[in-house]
Structures are given as structure tokens and as C-alpha cells.
Number of protein chains: 2
Amino acid sequence: MADLLITNIGQLVTNDPSRGGILGIVEQAAVAIVEGSIAWLGSKGEVPSDYLDLAIHDAAGAAVVPGFVDAHTHIVFAGDRSGEFARRLAGETYEEVLAAGGGIQSTVTATRAASGGELFDGAAARASRMLASGTTTVEVKSGYGLDVNTEARLLGVATRLDAELSIDVIPTFLGAHVVPAEYRDRRDEYVDLVCTWMLEAAAPLATFCDVFCDEAAFTVDEARRILRAAAERGLGLRVHADQLGRIGAAELAADLGAASADHVDHATDEDLAAMRRSGTVAVLLPGVSFSMRLPYPAGRRVWDSGVTVALATDCNPGTSWIETMPFVIALASLNMGLTPEEALWAATRGSALSLRLDDRGHLVAGAIGDLAVLDAPSYLHLPYRPDADIVAAVVKRGVVI
Amino acid sequence: MADLLITNIGQLVTNDPSRGGILGIVEQAAVAIVEGSIAWLGSKGEVPSDYLDLAIHDAAGAAVVPGFVDAHTHIVFAGDRSGEFARRLAGETYEEVLAAGGGIQSTVTATRAASGGELFDGAAARASRMLASGTTTVEVKSGYGLDVNTEARLLGVATRLDAELSIDVIPTFLGAHVVPAEYRDRRDEYVDLVCTWMLEAAAPLATFCDVFCDEAAFTVDEARRILRAAAERGLGLRVHADQLGRIGAAELAADLGAASADHVDHATDEDLAAMRRSGTVAVLLPGVSFSMRLPYPAGRRVWDSGVTVALATDCNPGTSWIETMPFVIALASLNMGLTPEEALWAATRGSALSLRLDDRGHLVAGAIGDLAVLDAPSYLHLPYRPDADIVAAVVKRGVVI
């Protein structure tokens with residue numbers, strides 16, 4: 001938490017609709033941050049005298065955007081699935097990968113075997129790269145432990161990331177990621193375990209509970225049981241919903257008033273209408289489509305349905321080892337039918353709303369002072385230069401990282 | 001030029017077929033570089049005593065690959081076409097973009113108006129980022145001047161880049177990029193100009209001559225005239241060939257013994273057979289497909305035809321502002337039907353061969369000491385982590401950059 005005056009901003013994206021458009025752009029701007037929160041912003045020639053003594057960061061005419069919020073990640077894991085990735089590129093099916101010992105269970109095995117220090121170091125390296133690429137808040141899921149102790153350890157790693165790194169970490173309990181191998185023939189027992197002992201260990205460490213509710217994952221009835229138990233313990237709700245097929249997961253998310261339904265590739269118009277009514281945000285994940293060569297989420301259709309849209313990396317070792325939100329914004333602009341404006345808004349304000357965080361994802365008086373200074377004159381360079389290391393400086397609660 | 005011993009390499013990609021496979025991988029390796037050239041490489045436990053006194057770079061178990069060779073770029077330009085890019089994303093046609101003053105002519109106007117210092121600074125920033133991402137040799141085309149003085153200035157910038165930066169720059173004269181507006185109704189006069197005064201000014205500054213030979217560009221007859229005139233002045237030949245349609249440009253490239261035919265999206269099997277016989281390399285450019293949402297080059301088909309395949313960024317301000325070869329390798333692996341092995345080979349050895357440079361793109365005794373140390377245990381991480389800043393260190397002629 002610090003004081004800072006950022007001057008000489010060529011193009012400031014505020015996401016404040018009162019300033020016009022969804023991005024609320026101010027040209028030739030300055031931003032004053034006091035004690036980590038935004039105290040003032042406006043024309044760079046009209047900085048109130050109160051703020052002229054603050055430490056200064058000169059943006060040199062560049063564009064400045066709100067810090068990115070990555071609303072869906074799985075960055076606490078051990079192991080490497082690059083060999084599996086190459087075999088899938090060569091045409092091997094997921095079933096063949098599984099038969100060869102690959103797939104999510106291989107990450108579970110490696111994660112259970114890793115020490116806390118190894119798990120922390122790997123996740124911290126990823127979170128640090130995310131911060132360097134402009135992500136100032138990241139949601140982090142458990143889900144590669146799938147037993148009481150390991151799930152709690154993974155959430156402990158997320159908590160330690162939040163404490164030791166400058167990036168804010170929002171931990172989500174995802175014990176219902178997949179039924180672990182040892183429960184394959186007794187899935188009811190596993191759901192019981194998640195709803196009781198696992199949730200009891202996880203709830204004090206987590207903000208949200210998530211369930212992978214889809215074909216070949218947890219059913220709607222199983223997910224409802226788990227999510228209700230989580231809500232009783234005070235957790236917010238998220239759902240991996242209808243990625244592989246339409247089983248009613250997005251509808252369930254809306255029914256339970258979940259903060260988000262993620263993926264939603266197969267959600268119907270009725271499902272989206274229910275999400276709109278319940279204020280459930282759609283978290284869309286184009287990195288999976290890029291890495292797995294699958295159709296992209298229908299961003300245009302979801303946006304036009306009136307549902308709030310968020311973007312995230314889905315960073316994970318199996319289907320989308322993507323860490324940077326600028327690349328996700330490029331993918332969304334190029335392949336999901338969103339405009340660059342909508343994609344940027346979804347990667348900042350939309351993602352913050354999906355985490356029920358009203359104090360970030362926009363630059364308004366009172367919001368926390370999280371922002372990214374681009375090495376570019378306009379936010380349009382995010383899709384225009386899709387492989388650029390485009391973030392020149394990151395400011396977290398007024399501190400230049 | 002320096003001496004260096006790189007030790008503790010977990011996986012060394014040599015591109016030396018005598019070591020097995022196209023990548024010639026050596027596990028647990030070391031490389032000795034003396035006076036900028038590779039003196040020895042092999043098992044890290046068997047370093048000859050001659051090299052044990054060299055300065056050491058510890059690769060810490062990471063993968064090491066030959067420095068990338070980017071065989072097709074247009075990085076000397078002024079101006080910004082991000083607004084045009086956004087309008088095209090919104091559905092505007094290229095004809096509408098042109099009518100609104102956009103397109104390549106807008107870059108020509110901005111480039112002609114820019115000072116030599118401005119042009120150098122912009123190109124140097126791009127070339128420096130390329131070097132930081134592992135590109136140790138880059139081909140740089142003129143083509144945004146389209147008059148005698150400006151084309152010569154652009155090649156002068158390329159020459160200065162080579163002299164002042166650590167990256168090696170191979171300059172290519174591309175006066176026949178497009179017919180400039182002032183010659184629209186007298187294209188024969190423009191071709192005459194290119195073949196005479198422009199070539200006379202450019203030839204001493206360039207290694208290659210390139211022509212954009214395609215529908216809506218220069219005809220096969222025009223390209224033949226220009227390329228023959230260039231060959232008479234001792235320049236090597238390259239051709240932007242059959243990107244938009246099949247007009248016989250790849251066939252022409254083969255007929256003239258050109259070093260490369262680039263794009264070749266519409267080349268027929270007969271065209272490819274002719275290229276194979278003439279030793280003309282196919283330079284494939286998937287970044288354009290990504291940024292313009294066009295079909296990807298048929299990498300698999302070209303590779304299987306027996307033609308040597310190279311990869312390049314095509315970095316330019318209109319259709320593909322992409323600067324890093326790791327991202328190009330990811331695109332080629334995911335979307336062009338090449339394996340990660342083939343894509344990496346094409347981005348190193350294939351690209352070097354397209355520039356007729358036998359001393360690089362592979363790590364063998366006598367080759368120049370250009371290589372990239374990855375922040376990864378395997379080259380497979382290039383497509384596996386497509387948005388990663390994956391190059392931990394770059395070595396250019398034995399110097400750690």
C-alpha cells in the first residue's frame with residue numbers, strides 16, 4: 001500500500017461508464033493513489049494540488065488499463081504433461097492418453113507426491129509471471145489433491161501465495177474436480193467425503209467452492225449436494241458448467257445463485273436467461289480452445305444475452321498452460337466475436353464481478369490502485385500484437401512492482 | 001565473439017541428423033564455444049579438458065535449442081495500424097479499409113515521412129525484442145519506401161541494425177512490395193524504376209531481392225523481369241508467392257532457382273515438386289493466419305512433398321505484428337499439421353537454409369555459437385506453453401546476451 005501519482009497517461013481505461021462507452025476512456029490523464037486506493041483521476045493538466053507531492057510514475061504517453069483479474073486458474077500442481085500434449089497433437093485420443101497413464105490423474109499423482117515447498121515454488125513462479133504480465137488478482141483452485149489432507153495443503157499454498165506475493169489470490173475449493181481413481185467404483189462415497197470432512201478442512205481456507213459439473217464429471221444432483229453444503233459453510237459458489245455437453249449445470253448455477261458458471265459452451269438461451277436473472281457471471285476460457293484445437297466459446301452470444309462476461313486463462317497443466325491475460329484478450333477478440341473493448345472489460349471488470357469483488361477491475365475513486373501500464377499507445381495493441389510482452393509496468397495497491 | 005562452456009543442459013537440440021531423429025537430441029549435454037563458434041558438444045560428463053577453463057553458463061537442467069532464425073520480416077516501418085486492425089475485426093473489408101486511407105499505403109506514407117532516427121529506433125526495439133525471445137538471425141525487408149531514396153534508407157537501417165545490435169540482420173530489397181499510389185496508372189514505369197535506379201541503389205545494401213508476386217500484386221512476368229535484374233547484380237532471390245491465389249509465382253521461384261518461396265498457400269503439387277528440385281525453401285507464415293483469421297498454411301502437405309520448410313513471423317504492421325519465434329512454433333504445431341519437432345527444425349535449420357546460411361540453425365562443430373536456453377525442461381514446452389516468455393537466456397556467438 002503506497003501513494004503514487006501516475007502522470008502522462010496517453011490513454012486511460014477506467015471502465016467507468018459515466019465517462020462514456022464501456023471502457024470510460026480518458027485521454028491525456030493522470031491517476032492519484034493514496035494508501036493503496038484511487039483518490040483521484042482525470043486530465044493530466046488538472047491534478048489537484050493535494051497530489052502533486054506524491055511519488056511520480058511517468059507513463060510516457062502510454063495506455064494504462066485496470067489490473068487484469070484472472071478468474072479461473074489451477075496453478076497449484078506438480079508434474080509436466082508436455083509429452084501427453086505432444087501425443088494429443090499427433091492424434092492420440094484422450095482415452096488413449098488416459099490408458100497410457102496420462103490425463104488429470106497423472107497430475108493428481110504428482111501433486112500428492114510433491115512437498116509443500118515444491119508446490120509453493122511452482123505456483124509462485126506461475127503467479128509471479130502472471131503478476132508481471134499485469135494480473136493483479138488471481139483466483140486459484142485446489143482440485144489436484146482429491147483427498148482431505150492434500151486439498152487442504154493446496155488451499156494452504158494458495159493462502160501462502162496471497163501472503164507472500166504482491167498479487168491478490170482468491171482461493172477456491174475444487175475437491176469435486178474429478179472422482180479420484182481409488183473411488184472410481186464408489187463415487188457416492190467420494191461425494192459424501194467432499195460434502196463432509198473435505199469441506200470441513202477446506203472451508204476455512206477458501207472463499208469459493210467449485211464443482212466440475214459436466215458429462216463424464218459430476219452430475220447435476222451431485223453438484224447440487226456439494227454446492228449446498230458449501231453454501232451452508234459460507235462459501236461462494238462457482239461451477240465448471242456444460243463445457244462438454246448440456247447437462248443443466250449452468251441452470252443449476254443460476255438456481256443456486258452462484259457467482260459464476262465457467263465455460264458454458266453448451267448453455268442454452270434459457271440457461272443464459274436464468275444466469276442473467278441470478279447475476280451469475282459467465283467465465284469464458286478461450287485458452288483451452290486454442291491449446292486443444294476446440295471450438296471457441298460463443299462470446300458474442302453470451303454477451304448479447306445480457307449475462308456479464310468474464311475472461312480467464314484456465315491455467316492448468318493439461319488443457320491450457322496459458323498464463324497471461326493479454327493473450328486471452330487477443331484470443332477473445334480474434335476468435336470469440338467480442339470487440340477488443342468488450343474483451344478488455346471482461347478481463348478486468350467482468351472478472352472482478354465474477355469474484356464478487358466490487359473494489360477492483362475499474363478505476364474509480366475508492367477502488368484499489370491496481371493497474372497495468374502498457375508498452376503501447378492504445379489498448380488495441382492487446383489483440384494487435386498478440387505475442388508481445390506488452391505490459392511495461394504493474395502497479396499493485398499503489399506500488400510499482 | 002567469445003568463449004563459453006554451457007554445462008548442465010538437460011536436453012540439447014542439435015539438428016544434427018547423425019545424432020538421431022531430425023532434432024539430433026543429446027540428453028545431459030554440454031556445448032563448448034571458442035571464438036564464437038562451436039568447438040565441441042557432447043555428454044556433460046565428457047567435456048574435453050581443453051574446454052574446462054572456459055567461462056561457464058550453467059543451464060540448470062533446462063533445454064537448449066539452436067538460436068531461432070526468422071526468415072521473413074518487415075520490421076523497418078513507421079506508423080500504427082491498430083485502429084485498422086480493430087475495424088477489420090469488426091467486419092470491415094480490406095477494400096473498406098483502403099477506402100478509409102488504411103492498408104499498406106498508410107504505412108508507406110508514414111515511413112516516407114519518418115526520420116532515419118525514428119525508423120531505426122522503432123526497428124531496433126522490435127529487433128531487440130526478437131533477440132530477447134531467442135531469434136539470433138533475422139531477415140529484414142525494405143518495401144515501405146517504394147521510391148529510390150526511401151528504399152535505400154530502409155536498407156541502410158537494416159544494415160545499421162546488423163552493426164549496432166547483437167542480432168544478425170540479413171537485408172532484402174523489396175521495392176516490388178506494391179505499386180505505389182503515384183504509379184497506379186503507370187505500373188510499367190514503376191517496374192522499370194525498380195529494375196534500374198532502385199535496384200542500383202539497393203543492391204550494394206542487400207543480400208536478397210524479393211517480389212510480391214500474387215493476385216492484386218506483381219504479375220509473374222513483372223516478377224521475372226525484376227528478379228532477373230536482381231540476379232544479374234548478384235542478389236539472391238526470394239518470392240512472396242501464391243498467398244492469395246495460384247498465379248504461378250512458386251513455379252517462377254523454382255524456375256529462377258530462388259532461395260525461398262514464401263506463403264505458397266495456393267501452390268500446386270507440381271509447384272512444390274519444382275521447388276523441391278530447385279532447392280527452393282518454402283517459408284511458411286502462420287502468424288498472418290492467426291492475426292487475420294485466415295486458413296493456416298498446409299505445413300503437413302508442404303513438408304511431405306519433400307520441400308524444405310522454414311518458419312517466420314512475417315512481422316509487419318498490417319497483417320501480423322508478431323515478433324517471437326516460440327509463438328510461431330506453437331502456431332505451426334497446433335494449426336499447420338507439423339509436429340513440434342518439425343516446427344522447431346523449420347524455425348531454426350529450415351529458416352537458415354532459406355537464407356542460404358549453412359553455418360547456423362544447427363549445433364555442430366564449426367557452426368556459429370548461437371543458441372537459446374529455455375525456461376523449460378523440454379522443447380515440447382514451446383507449443384505446450386504458447387504464451388510463455390520461455391527463453392531464459394540467449395547466446396550469440398558465444399556471448400550471453
Side-chain angles (χ1 to χ4, degrees), chain A residues 63 80-91 125-126 129-130 132-133 287 289-293 313 315 317-328 330-343 375-391, chain B residues 63 80-91 125-126 129-130 132-133 287 289-293 313 315 317-328 330-343 375-391:
Chain A
D80 180 325
R81 285 160 62 190
S82 58
E84 167 188 331
F85 183 82
R87 292 199 305 277
R88 290 171 80 168
L89 279 181
R126 293 183 268 277
R129 291 191 294 258
M130 289 173 158
S133 67
S289 307
F290 180 79
S291 290
M292 302 300 287
R293 301 182 292 183
T313 60
C315 183
T319 60
S320 172
W321 193 333
I322 281 171
E323 296 178 349
T324 78
M325 292 298 286
F327 185 60
V328 170
L331 290 176
S333 302
L334 285 162
N335 298 304
M336 282 172 42
L338 297 183
T339 66
E341 291 75 23
E342 291 164 346
D375 182 18
S378 163
Y379 69 89
L380 288 176
H381 280 232
L382 290 161
Y384 182 44
R385 292 163 52 196
D387 72 336
D389 179 11
I390 204 162
V391 173
Chain B
D80 181 325
R81 285 160 62 189
S82 58
E84 166 188 331
F85 183 82
R87 293 198 304 277
R88 289 171 80 168
L89 279 181
R126 292 183 269 276
R129 292 191 294 259
M130 289 172 159
S133 68
S289 307
F290 179 79
S291 289
M292 302 300 287
R293 302 182 291 182
T313 59
C315 183
T319 60
S320 172
W321 193 333
I322 280 171
E323 296 178 349
T324 77
M325 293 298 287
F327 186 59
V328 171
L331 290 176
S333 302
L334 285 162
N335 298 303
M336 281 172 43
L338 296 183
T339 65
E341 291 74 23
E342 292 164 344
D375 182 18
S378 164
Y379 70 89
L380 288 175
H381 280 232
L382 291 161
Y384 182 45
R385 292 163 51 196
D387 73 336
D389 179 12
I390 205 164
V391 173

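In this text the structure is predicted, and so the values were computed from the model without any measurement.
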For the interface with chain A, which of B:Gly83, B:Pro383, B:Ala388 has the highest count of heavy-atom pairs at distances below 4.5 Å?
B:Pro383
Just give me the residue among B:Glu323, B:Met292, B:Arg81 that pairs up with chain A most often, heavy atom to heavy atom, under 4.5 Å.
B:Arg81
Considering only heavy atoms from C-beta outward, does the side chain of B:Asp375 approach that of B:His381 to under 4.5 Å?
no
Taking the side chain as C-beta and beyond, is there a heavy-atom pair between A:Ser291 and A:Thr319 under 4.5 Å?
no
Region of [X] in contact with chain B, defined by heavy-atom distances below 4.5 Å:
X        : result
A:Pro340 : side chain
A:Pro326 : neither
A:Ser333 : both
A:Arg129 : side chain

Is a side-chain donor or acceptor of [X] paired with a backbone partner of [Y] at a separation under 3.5 angstrom?
X        : Y        : result
B:Ser320 : B:Thr313 : yes
A:Asp387 : B:Phe327 : no
B:Tyr384 : A:Glu84  : no

Distance, nearest 0.5 Å, that separates CG of B:Leu382 from CD1 of B:Ile390
5.0 Å
Counting heavy-atom pairs closer than 4.5 Å to chain B, which one of A:Gly91, A:Pro317, A:Gly337, A:Cys315 comes out on top?
A:Pro317
Between B:Leu334 and chain A, with a heavy-atom cut-off of 4.5 Å, which part of the residue counts as in contact: side chain, backbone, both or neither?
both
